[in-house]
Engineer: 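Handing you a structure now.
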Amino acid sequence: MAEGYYVLSEDERRKFAGIVSKIWSDETFAERWQNEPFAVLAEHDIEYPEGFPPPLVPEKPSGDLSLESLEAIAAGSEAEGTAGTLGSASSVSCPAGTAACFGSYGSAAQA
């Protein structure tokens, strides 16, 4: 097991946001993520190091959102009608079991 943690680059975070939005909108893809996350990461050109747990996927925001809105939320930007949902995202893999730490879940969660 690797020591420390792994931080996705900005480009990798954008790619992971696409994975997250697809997980949120496609049950078959979500099941595949559960069964083979490293294969999914590799297919999306994310070179994830061995020994770290895969990034965690945050819960889908409530409401009826388009795929583009979901991707914007997962990437950490605000899309129209998303105030109070996922505010920012930065994926970090930690040996303590937290595979992805999404910075904030909207303004209500920020202290």
Side-chain angles (χ1 to χ4, degrees):
M1 182 81 162
E3 302 258 343
Y5 56 90
Y6 181 73
V7 178
L8 294 173
S9 70
E10 185 175 329
D11 183 52
E12 290 171 326
R13 284 193 307 267
R14 278 193 290 274
K15 292 174 185 177
F16 186 65
I19 293 171
V20 170
S21 68
K22 191 166 182 179
I23 290 169
W24 286 344
S25 61
D26 182 336
E27 279 188 43
T28 302
F29 187 80
E31 186 175 309
R32 182 155 181 262
W33 170 259
Q34 290 295 327
N35 294 326
E36 46 187 18
F38 297 105
V40 172
L41 291 168
E43 289 168 11
H44 288 83
D45 297 322
I46 298 175
E47 295 182 27
Y48 206 78
E50 291 185 31
F52 289 96
L56 293 176
V57 175
E59 289 190 36
K60 180 180 176 182
S62 61
D64 188 21
L65 302 170
S66 68
L67 182 58
E68 292 80 16
S69 295
L70 292 174
E71 286 177 347
I73 293 166
S77 63
E78 283 194 22
E80 185 177 329
T82 62
T85 58
L86 184 61
S88 64
S90 60
S91 298
V92 178
S93 291
C94 309
T98 303
C101 304
F102 280 78
S104 67
Y105 288 90
S107 58
Q110 296 176 0

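Here, residue 1 is the first one in the sequence, and each next residue gets the next number.
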Engineer: Taking all heavy atoms of R13 and all of L8, pick out the closest pair and write down the distance.
Structural biologist: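 Heavy-atom minimum between the residues: NH1-O, 3.0 Å.
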
Engineer: With sequence neighbours excluded, give me every salt bridge (Lys or Arg N to Asp or Glu O under 4.0 Å) pair touching residues 20-29.
Structural biologist: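 Every pair satisfying salt bridge (Lys or Arg N to Asp or Glu O under 4.0 Å) with a residue in residues 20-29: there are none.
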
Engineer: With the side chain counted from C-beta on, respond yes when W33 and L41 share a heavy-atom pair under 4.5 Å apart, and no when they do not.
Structural biologist: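 Of all side-chain heavy-atom pairs linking L41 with W33, at least one is under 4.5 Å.
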
Engineer: Checking E10 now: which residues fulfil side-chain hydrogen bond (donor to acceptor under 3.5 Å, both in side chains) with it, not counting sequence neighbours?
Structural biologist: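 Residues passing side-chain hydrogen bond (donor to acceptor under 3.5 Å, both in side chains) with E10: R14.
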
Engineer: Work out which heavy atom in S21 is nearest to a heavy atom in S25; give both atom names and the distance.
Structural biologist: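 So the two residues come closest at O-OG, 2.9 Å.
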
Engineer: Does D11 have any side-chain hydrogen bond (donor to acceptor under 3.5 Å, both in side chains) partners at least two apart in sequence or in another chain, and if so, which?
Structural biologist: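 For D11 the side-chain hydrogen bond (donor to acceptor under 3.5 Å, both in side chains) partners, ignoring immediate neighbours, are K15.
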
Engineer: Could you tell me which non-hydrogen atom of E47 sits nearest to which non-hydrogen atom of Y6, and how far apart they are?
Structural biologist: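 Looking at all heavy atoms of both residues, the closest pair is O-OH, 3.5 Å.
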
Engineer: With sequence neighbours left out, write down each residue that passes side chain to side chain contact (heavy atoms under 4.5 Å, CB included) with E31, or none if nothing qualifies.
Structural biologist: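 With neighbours one apart ignored, the set is N35.
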
Engineer: List for me each residue that meets side-chain hydrogen bond (donor to acceptor under 3.5 Å, both in side chains) alongside E43, sequence neighbours excluded, and say none if there are none.
Structural biologist: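 Per chain and number, E43 pairs via side-chain hydrogen bond (donor to acceptor under 3.5 Å, both in side chains) with R32.
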
Engineer: If you compare all heavy atoms of F29 against all heavy atoms of I19, which two are closest, and at what distance to 0.1 Å?
Structural biologist: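 Heavy-atom minimum between the residues: CE2-O, 3.7 Å.
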
Engineer: Is there side-chain contact between P58 and W24, with heavy atoms separated by less than 4.5 Å?
Structural biologist: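 SC-SC contact between P58 and W24 confirmed.
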
Engineer: Please determine whether side chain to side chain contact (heavy atoms under 4.5 Å, CB included) holds for the pair I46 and F38, giving the CA-CA distance in whole Å, both sets of side-chain angles, and the decisive distance to 0.1 Å.
Structural biologist: CA-CA 9 Å; I46 298 175; F38 297 105; over 6 Å; no

